[in-house]
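Comments concern the structure below.
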Amino acid sequence: MKKQSQSTKVKFASGENIPLELHKVRVVQKLNLVPIERRLEAIREAGFNTFQLSTRDVFLDMLTDSGTNAMSDRQVAAMNHADDAYAGSQSFDRFKEAVAKVFGKKYLLPAHQGRAAENILAKAFIKQDSILPMNYHFTTTLAHIMLNGGKVIEILCDDAIQIKSKNPFKGNIDIKKLEKVIAENGVEKIPFIRMEASTNLIGGQPFSIANMREVRKVADKNGLIVVLDASLIGENAYFIKHREEEFKDASVGDIILAMCDLADIVYFSARKVTSSRGGGICTNDEKLYKIMKPLIPVYEGFFTYGGISVREIEAMAVGMMETIDETVISQSPSFIEYLVEQLELHGIPVVTPAGGLGCHVDAMGFLPHVPQTEYPAGALAAAFYLVSGVRGMERGTISSIRDENGNDILADVELLRLAMPRRVFTLSQVKYVEDRLRWLYKNRDLVGGLKFVSEPPVLRFFDGRLEATSDWPEKLMKKFREDFGDSL
Ligand SMILES: *Cc1c(COP(=O)(O)O)cnc(C)c1O
């Protein structure tokens, strides 16, 4: 790689590893920290499901990084010169230009968010009994593949789902497993190989370029297509820069281009990648583009807006360019790394190495007395909300599905995900998260399990309702009052 890019890390004379904000706050939004008595009512009203909480009752919203990242002044400014033509909008031209520069793909199809792009891909390529090898599924990816009759096969390396690891690239595909899946099923059954950047459900873990090159080789040998889910590509590129020797002097922009160059189709949720709304699918292969294109007006909207407001399209165009700015991209992973380091220091089980997207607390390690059938990650999310007002997300068996016999398919890992939206929180807020988690860890024996009271058939984690298996929430609240007095 030609240009040498400068480090965005600032050293402290004290030697402390403190992530420094390389931006200032210009517009603020007031937060609510309601007393624990109200939080207990609120989590009960929410059916012990943090998705069902109102932000009226939430202090720090660490549910997701989806659509919750801070926008830049430039993005907000760009929204004011949007062109709201139904067809031929210049806003779309600017978006397309940015995608061509950042992802290196000239054909672009808009989709209203990441899962809408997945719907288009599934409708275009997946048939009954299709086999989809991938590093790991994402919830909405799995739903679209299954609804279209396909089957997901996860081919991560064996240590990828170990909570504690030194493997810098837990998102890598195991090439031997990939070859085996192809040999056993035959190429005709495989519409594409999917690689997800910063593998979301296993803790925002990246893959390496070296691995993606290997995947590309296998794909070429077998005439298979490689699809890259680039929703979290900036963070994956950041980790490649800091963890893969070959790229230590490369810019994040160069790395993103190198990643996309190895894929035939790149799709993304702009809710994450650009701090805005929307999504898209891009490729340089005209044939593939033409297969997907007719589906856009059916499911999304005309080719130059695809269900996205033109104001958002302008913000996406600017946000896309900001993705290659390391001072923008480094903020979330460096805050996550800080929180992970602090929690580890106090013996709290967290996924390591620190990944992108959020800090992932190992609920089975945190609550070893709660059986997996009583949803330890869901219980931990509810308990942590109760004692802090911080809303995280369950990423465990509640986010999984049931088998044909109605039994839970137990998740590989039970995680409480504390998402770190880009440039939203301050370090003292992160310290508060650390403090309340440490308190909860000390009092972890008080936390019990959950059971379902109502459960929708698809994506049940969004609006399923649960209840506590005992009066543990009351006991936890009582202990909180003993220790914190009348503090919020
Ligand atoms: C969020 C996400 C999606 C889905 O995107 P939405 O915009 O929420 O529909 C797909 N893949 C990955 C890896 C994601 O993180």
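Whatever order the structure lists ligands and atoms in, that order sets their numbers, starting from 1.
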If we only consider heavy atoms of Thr141, is any one of them less than 4.0 Å away from an atom in ligand 1? no
Under a 4.0 Å threshold between the charged nitrogen and the carboxylate oxygen, would Glu245 count as salt-bridged to Lys248? yes
Give, for atom CZ of Arg402 and atom CG of Asp408, the distance between the pair rounded to the nearest 0.5 Å. 4.0 Å
Looking at Thr140, which atoms of ligand 1 are within less than 4.0 Å of one of its heavy atoms? 4 (C)
Looking only at protein heavy atoms, which one is nearest to atom 7 (O) of ligand 1, and how far off is it? Ser269 OG, 2.6 Å
Where does the angle between the aromatic ring planes of His242 and Tyr238 fall among parallel (under 30°), tilted (30 to 60°) and perpendicular (over 60°)? tilted
Should Gln113 be counted as touching ligand 1, given the test is an N or O pair under 3.5 Å? yes
Among Phe138, Tyr267, Tyr136, which residue places a heavy atom closest to atom 3 (C) of ligand 1? Phe138
Provide the number and element of each atom of ligand 1 under 4.0 Å from a heavy atom of Glu196. 13 (C)
Element-labelled atoms of ligand 1 that are located less than 4.0 Å from some non-hydrogen atom of Glu118: 10 (C), 11 (N)
The single option from Asp61, Thr50, Thr55, Asp57 passing side chain to side chain donor-acceptor pair (under 3.5 Å) against Arg391: Asp61
Just distances here: any N/O of Gly114 and N/O of ligand 1 closer than 3.5 Å? yes
Aromatic plane relationship, Tyr107 with Tyr289 - under 30° parallel, 30 to 60° tilted, over 60° perpendicular: parallel
Show me the donor-acceptor pairs, under 3.5 Å and distance only, between side chains in residues 409-416 and residues at least two apart or in other chains.
from: Asp412; atom 1: OD2; to: Tyr136; atom 2: OH; distance (Å): 2.8
from: Glu414; atom 1: OE1; to: Thr397; atom 2: N; distance (Å): 3.4
from: Glu414; atom 1: OE2; to: Gln372; atom 2: NE2; distance (Å): 2.9
from: Glu414; atom 1: OE2; to: Thr397; atom 2: N; distance (Å): 3.2
from: Glu414; atom 1: OE2; to: Thr397; atom 2: OG1; distance (Å): 2.4

Considering only NZ, NE, NH1 and NH2 on the basic side and carboxylate oxygens on the acidic side, decide whether Glu235 and Arg422 come within less than 4.0 Å. yes
Give the residue, atom name and distance (to 0.1 Å) of the protein heavy atom nearest atom 1 (C) of ligand 1. Lys272 NZ, 1.2 Å
Options Arg271, His112, Arg115, ranked by nearest heavy atom to atom 8 (O) of ligand 1, top entry: Arg115
Atom 13 (C) of ligand 1: which protein heavy atom is closest, and how many Å away? Asp229 OD2, 3.2 Å
Check for me whether the distance between the ring centres of Tyr305 and Tyr86 falls short of 6.0 Å. yes
